[in-house]
Amino acid sequence: MPDSAVRAPQLTRPKVKICGTTSVQDAVLCTQAGADALGFIFAPISKRLVSPDVAREASLSVGLTVARVGVFLGQGLDEVLRLAEASRMSAVQLHGALPAEFVETAAQFYPVLRVVKADELSREGERWAADPRVTLMVDAPNPGGGVPLEWEALRAGWPAGAWLAGGLGPGNVREAVHLLRPSGVDAVSRLEASPGVKNPQAVKAFIDAVQGS
Ligand SMILES: O=C(O)c1ccccc1N[C@@H]1O[C@H](COP(=O)(O)O)[C@@H](O)[C@H]1O
């Protein structure tokens, strides 16, 4: 099957989400570097865990055009909605095994970035393909670990509109974008000076690489 028959080509450059924001300073830095979205991680297991107060101040410091995405793993729906509202998020990113009703209800309050593993892509792609409130993102089984996925193996079943995460950085994002044409890319590990603290040069190089892809 010709490649073009598998999916509509991604004609515009992918959106860029920089995740793991833990300070107003880094939120402003990533925004000024050209990020389309910032991730604020509320998953308790994360070494990039941010408080709602800091996330709220950062959210209100980046202006109108940057999405602020609250990242959740292992938390109940009430906690997701409470934290997203308290921190003035504009979208929620949901990890983990969740019933469709959880995602459906969250999507009644916020646009949802639904994170799936590579082997869930086909099923979840079919489930949410017709719902504009839910965007799929493929990530590694252990998010935040800086481990790239097998991009070539993902090509055949890549759903139009899906985003890509997992081990992306300035040195490999162009190749990933060329192979999969994702609608968005998301990264954290390879853009840090230390967990939760951004490396400004790496952030700028990553965004430049995507914009030049
Ligand atoms: O980064 C974390 O600590 C984290 C914890 C819990 C859920 C998601 C987390 N990060 C997400 O992981 C990917 C990218 O990670 P990497 O670039 O491979 O290190 C991204 O979606 C983050 O939102």
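Counting starts at 1 for both ligands and their atoms, in listed order. The shown structure was predicted, so the numbers you read here are calculated from the model rather than taken from an experiment. As a basis for the values below, the full set of heavy atoms in this structure was taken, side chains included, without hydrogen atoms, waters or symmetry mates.
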Using a 3.5 Å cut-off and no angle test, enumerate the donor-acceptor pairs between side-chain atoms of residues 23-30 and protein atoms at least two apart in sequence or in another chain.
from : atom 1 : to   : atom 2 : distance (Å)
S23  : OG     : D26  : N      : 3.0
D26  : OD2    : K198 : N      : 2.9

Anything under 3.5 Å between a donor and an acceptor, one on a side chain of residues 86-93, the other on a protein residue two or more places apart or in another chain? List them.
from : atom 1 : to  : atom 2 : distance (Å)
S87  : OG     : L83 : O      : 2.5
R88  : NH1    : E85 : O      : 2.7
S90  : OG     : R68 : N      : 2.7
S90  : OG     : R68 : O      : 3.2
Q93  : OE1    : K17 : NZ     : 2.6
Q93  : NE2    : H95 : NE2    : 2.7

Is R13 reaching over with its side chain to a backbone N or O of G212, donor-acceptor style, under 3.5 angstrom? no
Report every pair formed by an N or O atom of ligand 1 and a protein N or O atom separated by less than 3.5 Å, giving atom names and the distance to 0.1 Å.
from     : atom 1 : to   : atom 2 : distance (Å)
ligand 1 : 1 (O)  : R48  : NH1    : 2.7
ligand 1 : 3 (O)  : S46  : OG     : 2.7
ligand 1 : 3 (O)  : R48  : NH1    : 3.2
ligand 1 : 12 (O) : D139 : OD2    : 3.3
ligand 1 : 12 (O) : G144 : N      : 2.9
ligand 1 : 15 (O) : G144 : N      : 3.3
ligand 1 : 17 (O) : V188 : N      : 2.9
ligand 1 : 18 (O) : G146 : N      : 3.0
ligand 1 : 18 (O) : G167 : N      : 2.7
ligand 1 : 19 (O) : G146 : N      : 3.1
ligand 1 : 19 (O) : S189 : N      : 3.1
ligand 1 : 19 (O) : S189 : OG     : 2.4
ligand 1 : 21 (O) : Q93  : NE2    : 3.3
ligand 1 : 21 (O) : D186 : OD2    : 2.5
ligand 1 : 23 (O) : K17  : NZ     : 3.4
ligand 1 : 23 (O) : Q93  : NE2    : 3.0
ligand 1 : 23 (O) : D186 : OD2    : 3.4

Does the pair K204/D208 count as a salt bridge with the N-to-O cut at 4.0 Å? yes
So the salt bridge (charged side-chain N to carboxylate O under 4.0 Å, His left out) pairs with at least one residue in residues 100-114 (sequence neighbours excluded) are E104-R133
Salt bridge flag under 4.0 Å for residues E152 and R155: yes
